[in-house]
Q: 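Pasting a structure here, questions to come.
The chains referred to below are lettered A, B, ... by the order of the sequence lines, with proteins before strands, and numbering in each begins at 1.
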Number of protein chains: 2
Amino acid sequence: MSHKWVPNLSVDCVIFGFDADQLKVLLVERTLRTTDKKNIVFSDLSLTGYHIYEDEDLDSAAARIVKDLTGLDKLVLEQFYTFGSLDRLEHPNDKLWHEQFGDVFSHRVVTVGYFSLLPSTKVKIAQKDRVVRWYSVNEVQNMAFDHNQILEKALFHLRYKLQHDAIGLELLPDKFTLSQMQRLYEAVLGTSFDKRNFRKKVAQMNFVVPLKEKQHGVPHKPAQLYMFSRDIFMRTRKERPYFI
Amino acid sequence: MSHKWVPNLSVDCVIFGFDADQLKVLLVERTLRTTDKKNIVFSDLSLTGYHIYEDEDLDSAAARIVKDLTGLDKLVLEQFYTFGSLDRLEHPNDKLWHEQFGDVFSHRVVTVGYFSLLPSTKVKIAQKDRVVRWYSVNEVQNMAFDHNQILEKALFHLRYKLQHDAIGLELLPDKFTLSQMQRLYEAVLGTSFDKRNFRKKVAQMNFVVPLKEKQHGVPHKPAQLYMFSRDIFMRTRKERPYFI
DNA sequence: CCAAAAGTGTTAGACGTACACCCATGG
DNA sequence: CCATGGGTGTACGTCTAACACTTTTGG
């Protein structure tokens, strides 16, 4: 791997996570300081992205970026849209930011958007030099570059995938309860479901498998735990597309 | 417009058309001749694409390419996927083709795929220097570069759009019969529908509007003509997603 | 024994699917 | 009058949506 990057091509990854009852997204703080490093000019948030390398294809670049940030590989990672407006890096803050690098980014950069799903509890974020945190998707505003737009489009695709591919199960921990699953669907789709009807639907999804195990130490009736069988899902996905 | 193109970024347009009962795609002949121009080294087919210009965004590049080829603007034109494998231009024929241009394309080119829909009868193809024709999507094989793969992915998106956005109506002429519409859906989705059930569905789509007009000069009972009201479609699309 | 979330069935209406015959026209 | 595609209704089964109470645990 040469690590010589292509100046006008990047990949941005929208890493979604789910935690208790909120849909989260993993973001990096971008802080511009004065040259003496004493004062902050501005500070905002950006998606995790980087230029692609000359000898690396798009999917690998996305996988590398996610791996570097979370330490995880083998995530669901899917390309959803490519952004190439002429003005995508033209906000005043973005220009200041680029000046820091001697203006090497002055031309238009086309970025390929990928999204990734994982239970937010799975991640040990190990970054010394950058502040990386989970943010609730509802609370993020005024991100760097055109990243609000990219997040918006990623959300749209996530909602679609959740309804057509049942892929949202990637956002849950390995063992989960049906209530957690329902809260995930409600958080992502922004609706609410009837508990009984939701469970009837799930009962038809034979890739959601009950375990011989229940919750422990909860101050109420312990719930049945389930797992997602990727295997059964792959074998039966064609017979029937599942919707909630 | 500077017309200085970006060497590692292109747009490829998959232009779908529908004609009687076949789904077609507009392709360009790519013929490599020996330097004395007397003999043909090889000849195959490619999608219509070109590099983007430095001062042009992706959507505009796609619109320009379609306009140059068909003379039409204001088409449905939608980005569907971006292709950036390292080996996408590595087939022996593709290498020979590039050598013709003194190898300027020797690095990896990332291409953004767009698809476009129109009734194939609407197009007057006006190209002196290139052979451009409609081909049935079922009959095309061994296209240039990775264009088979791009067409495959475009087809997938077309099928999806047809079922979820009723956008396939763009493929029909301004006035059409319900049988034509049914043949379109059958050709694109590769299935067949019961005539009565299909018509019941269409009856629920209030953006498919009956005209005060019938077919003329057909050797059978003349069919009611319909039009697609983009206006009604836009106003009602949120209330209910339509599927066939 | 209280609070908290888990778990469970029925009914009415909408929708999907299967199926066969008569109609209007041009030649 | 024949060939061709246009046009129509019904019945059955499945899916959706609305709705309320009992259970099990920890504190």
Q: Whole angstroms only, please: what is the CZ-C1' distance between B:F193 and D:dG7?
A: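 That distance rounds to 19 Å.
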Q: Just the rounded figure in Å: distance from C1' of D:dG5 to CG of B:D21.
A: 14 Å
Q: Within the structure shown, what part of the strands sits under 4.0 Å from A:Q224 by heavy-atom distance: base, sugar-phosphate, or nothing?
A: sugar-phosphate
Q: What is the distance, to the nearest angstrom, from the NZ atom on A:K214 to the P atom on C:dA5?
A: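 Nearest whole value for this atom pair: 17 Å.
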Q: Which comes earlier along DNA chain D counting from the 5' end, the contact point of B:P222 or that of B:N197, where each point is its nearest nucleotide?
A: B:P222
Q: Just checking, any donor-acceptor pair under 3.5 angstrom between side chains of B:R199 and B:S179?
A: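 Judged by distance alone, the side chains do pair up.
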Q: Heavy atoms from C-beta onward define the side chain here; which of D:dG6, C:dT8, C:dA20 lies closest to that of B:R196?
A: C:dA20
Q: Using whole Å, what does the distance between atom C1' of nucleotide C:dT8 and atom CG of A:D194 come to?
A: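 That distance rounds to 11 Å.
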Q: Counting only distance, no hydrogens or angles, is the base of C:dG16 paired donor-acceptor with the side chain of B:K201 under 3.5 Å?
A: no
Q: Can you tell me if B:D19 uses its side chain to pair, donor with acceptor, with the backbone of B:Q22 under 3.5 Å?
A: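 No, B:D19 side chain to B:Q22 backbone: no donor-acceptor pair under 3.5 Å.
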Q: Using atom CD of A:Q180 as one end and atom P of C:dA6 as the other, report the distance to the nearest whole Å.
A: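 Distance, rounded to whole Å: 9 Å.
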Q: Output yes when at least one side-chain N/O atom of A:S179 is less than 4.0 Å from OP1 or OP2 of C:dA6, else no.
A: yes
Q: Write down the distance between CG (B:L225) and C1' (D:dG5), rounded to a whole number of angstrom.
A: 14 Å
Q: Between B:Y114 and B:D59, do the side chains contain a donor N or O and an acceptor N or O under 3.5 Å apart?
A: yes
Q: Tell me, yes or no, whether the heavy-atom count around B:E152 atom CD, taken from other residues, nucleotides or ligands under 6.0 Å, exceeds 12.
A: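 At most 12 heavy atoms, drawn from other residues, nucleotides or ligands, come within 6.0 Å of this atom.
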Q: Are A:F83 and A:Y81 close enough that their ring centers fall under 6.0 Å?
A: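 Yes.
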Q: Taking the side chain of B:K195 as heavy atoms from C-beta outward, which of D:dT8, D:dG26, C:dG26 is closest to it?
A: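 Of the options given, the side chain of B:K195 lies nearest D:dT8.
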Q: Figure out the NE2/P separation between A:H220 and D:dG27, and round it to whole Å.
A: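 The answer, rounded to whole Å, is 11 Å.
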Q: Expressed as a whole number of angstroms, how long is the span from A:R199:CZ to C:dG9:P?
A: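 For the pair A:R199 CZ and C:dG9 P, the rounded distance is 12 Å.
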Q: Nearest nucleotide by nearest heavy atom, which residue falls closer to the 5' end of DNA chain D, A:K200 or B:K221?
A: B:K221
